[in-house]
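Structure, as structure tokens:
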Amino acid sequence: MAPAPQLPTPSETITTDASSENNNVTITGKIYTRVRLATKSDLSHIYQLFYQIHEYHNYTHLYKATESSLANLLFKENPLPLFYGPSVLLLEVSPTPFNEPKNTTNEGFKPVLKTFDLKFPVVEGQVEEFRSKYDDGNDKSDVYIAGYAFFYANYSCFYDKPGFYFESLYFRESYRKLGMGSLLFGTVASIAANNGFVSVEGIVAVWNKKSYDFYINMGVEIFDEFRYGKLHGENLQKYADKKDENGEGSCW
């Protein structure tokens with residue numbers, strides 16, 4: 001897997017030009033990124049991003065989540081240990097450098113900062129919709145949510161330790177083809193390697209050659225001898241407890 005992403009050095013000289021027109025922000029030269037663990041303040045953005053990946057795969061008819069259900073999934077009052085429950089990393093972008101956070105709200109994970117050189121202008125066309133609501137104490141308002149990674153711990157009888165199930169990685173259209181996918185996936189892999197998890201695994205769509213090649217280049221091994229199986233819908237409900245005439249449950 002990829003090594004942990006490197007942070008830019010404090011002495012690095014950076015110049016960036018950002019212009020705002022028609023409620024759009026155009027970034028040229030360099031773009032600054034931050035990968036951080038999502039907080040409850042990010043719920044509306046997570047909800048929108050999850051919808052967009054369903055839209056990308058033409059599965060919006062299957063999207064049943066609400067902000068309330070996502071809050072119950074991701075931000076329980078009594079959560080599992082860090083990274084064992086469902087976890088979302090957000091990748092934020094800005095036309096100006098990120099500062100070290102003054103408020104540390106995510107103990108156990110330090111945000112990862114990286115600067116990308118841009119070969120072409122990047123236009124943020126949904127400034128207000130995806131402006132970050134995260135408060136790190138620096139009063140920085142030019143931060144936008146670009147994408148996410150969603151993962152959680154899984155277990156196998158073949159290993160003596162848990163691994164990560166990598167559920168999905170998604171970027172809004174403006175931020176694709178910039179190399180940010182490697183940063184985000186590499187951060188998940190780094191978390192796994194540094195915290196005793198034995199693997200990062202998930203489904204790789206064979207039809208999506210760019211995605212397939214991306215994971216191969218990141219060091220993911222594809223096992224052709226296994227097929228993805230899914231029991232769901234009516235076939236799953238066949239196993240639900242039936243009620244007898246007295247209203248009591250009975251197992252099949």
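Being a predicted model, the structure only gives us computed values, none of them experimental.
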(request) Could you go through the side chain to side chain contact (heavy atoms under 4.5 Å, CB included) check for K133 and I145 one step at a time? (result) CA-CA 9 Å; K133 299 177 182 178; I145 305 293; over 6 Å; no
(request) Any chance you could lay out the side chain to side chain contact (heavy atoms under 4.5 Å, CB included) test for L118 and L178, step after step, and finish with the verdict? (result) CA-CA 8 Å; L118 294 176; L178 299 177; 4.1 Å; yes
(request) Begin with the C-alpha distance, continue with both residues' side-chain angles, and end with the deciding distance and a verdict on side chain to side chain contact (heavy atoms under 4.5 Å, CB included) for F151 and F185. (result) CA-CA 10 Å; F151 60 98; F185 184 82; over 6 Å; no
(request) Apply side chain to side chain contact (heavy atoms under 4.5 Å, CB included) to the pair L89 and L37, showing each step before the final yes or no. (result) CA-CA 5 Å; L89 289 182; L37 197 62; 3.8 Å; yes
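Rounded to the nearest 0.5 angstrom, S68 OG and Y47 OH are separated by 11.5 Å. Atom OG of S44 is separated from atom CG of L49 by 9.5 Å, given to the nearest 0.5 angstrom. Summarising the geometry, atom CZ belonging to F158 is positioned 12.5 Å from atom OG belonging to S199; distances are rounded to the nearest 0.5 Å. For the atom pair K76 NZ and L74 CG, the distance stands at 9.0 Å (nearest 0.5 Å). The CG atom of N195 sits 6.0 Å away from the CZ atom of F83 when rounded to the nearest 0.5 Å. Here the straight-line distance linking atom CE of M180 with atom CG of L183 works out to 8.0 Å at 0.5 Å rounding.
F197 pairs by the ring-ring contact (aromatic ring centres under 6.0 Å, His included) definition with Y84, F164, not counting sequence neighbours. Taking the salt bridge (Lys or Arg N to Asp or Glu O under 4.0 Å) definition, one finds that K230 meets it with nothing, sequence neighbours left out. Residues satisfying the ring-ring contact (aromatic ring centres under 6.0 Å, His included) criterion with Y170, sequence neighbours excluded, are absent altogether. Residues passing the side-chain hydrogen bond (donor to acceptor under 3.5 Å, both in side chains) test with N235 are K238, sequence neighbours excluded.
The main-chain N or O of G186 is never found under 3.5 Å from a side-chain atom of S190 such that the two would form a donor-acceptor pair. With hydrogens and angles ignored, the 3.5 Å screen pairs a side-chain donor or acceptor of T33 with a backbone N or O of K114. The backbone N or O of E100 lies less than 3.5 Å from no partner atom in the side chain of D136, so there is not a single donor-acceptor pair. Judged by distance alone, with hydrogens and angles left aside, the side-chain atoms of T60 form no donor-acceptor pair with the main-chain N or O of E55 at under 3.5 Å. Not a single donor-acceptor pair under 3.5 Å links the side chain of H45 to the backbone N or O of A146.
Closest approach of L43 to A71, counting heavy atoms only: CD1-CB, 3.5 Å. Nearest heavy atom pair, residue S94 against residue I27, reads C-CD1, 4.3 Å. In terms of heavy-atom proximity, P162 sits nearest to Y155 at CB-CE2, 3.4 Å. A pairwise comparison of heavy atoms in P86 and F150 identifies CB-CE1, 3.7 Å as the closest pair. When all heavy atoms of Y144 and P95 are compared, the closest pair comes out as CE1-CD, 4.4 Å. In terms of heavy atoms, V200 sits closest to A189 at CG2-CA, 4.2 Å.
If you chain together hydrophobic residues whose side chains sit under 4.5 Å apart, L91 and I31 fall into the same group. Linking ILVMFWY side-chain heavy atoms closer than 4.5 Å, directly or via other members, places F75 and L73 in a single hydrophobic cluster. Using a 4.5 Å cut-off between side-chain heavy atoms of Ile, Leu, Val, Met, Phe, Trp and Tyr, with links allowed through other members, Y212 and I53 fall into different hydrophobic clusters. Tracing side-chain contacts under 4.5 Å through hydrophobic residues (I, L, V, M, F, W, Y), one reaches L169 starting from V93; they form part of the same cluster. Residues Y51 and Y59 do not share a hydrophobic cluster, defined by chaining ILVMFWY side chains whose heavy atoms lie under 4.5 Å apart.
Taking the side chain as every heavy atom from C-beta outward, N208 and K210 approach each other to under 4.5 Å. Looking only at side-chain heavy atoms (C-beta outward), L231 and Y239 come within less than 4.5 Å of each other. Within the 4.5 Å cutoff, the side chain of V188 has heavy atoms near those of the F166 side chain. Contact check for T187 versus F109: side-chain heavy atoms found under the 4.5 Å cut-off.
Sparse packing is recorded around CD of E234, with 12 or fewer heavy atoms of other residues, nucleotides or ligands lying under 6.0 Å away. More than 12 heavy atoms of other residues, nucleotides or ligands shown are found within 6.0 angstrom of CD on E128. Around atom CZ of F120, more than 12 heavy atoms belonging to other residues, nucleotides or ligands sit under 6.0 Å away. More than 12 non-hydrogen atoms from other residues, nucleotides or ligands lie less than 6.0 angstrom from CG of D213.
F226 shares a hydrophobic cluster with F223; the chain of contacts runs through ILVMFWY side chains whose heavy atoms sit under 4.5 Å apart.
Side-chain contact, S41 with T39: a donor N or O sits under 3.5 Å from an acceptor N or O. Between the side chains of Y175 and E124, a donor-acceptor pair is found at a separation under 3.5 Å.
A salt bridge between K140 and D142 is present, with a side-chain N of the basic residue lying under 4.0 Å from a carboxylate O of the acidic one.
Ring centroids of F171 and Y56 are separated by 6.0 Å or more, keeping the two rings apart.
Relative ring orientation between H57 and W207 is described as perpendicular, the plane-to-plane angle rising above 60° on a 0-90° scale split at 30° and 60°. Ring geometry, Y148 versus F50: the interplanar angle falls from 30° to 60°, so the pair is classed tilted.
Within the structure, salt bridge (Lys or Arg N to Asp or Glu O under 4.0 Å) contacts touching residues 81-98 (residues at least two apart or in different chains) are R34-E92, R36-E92.
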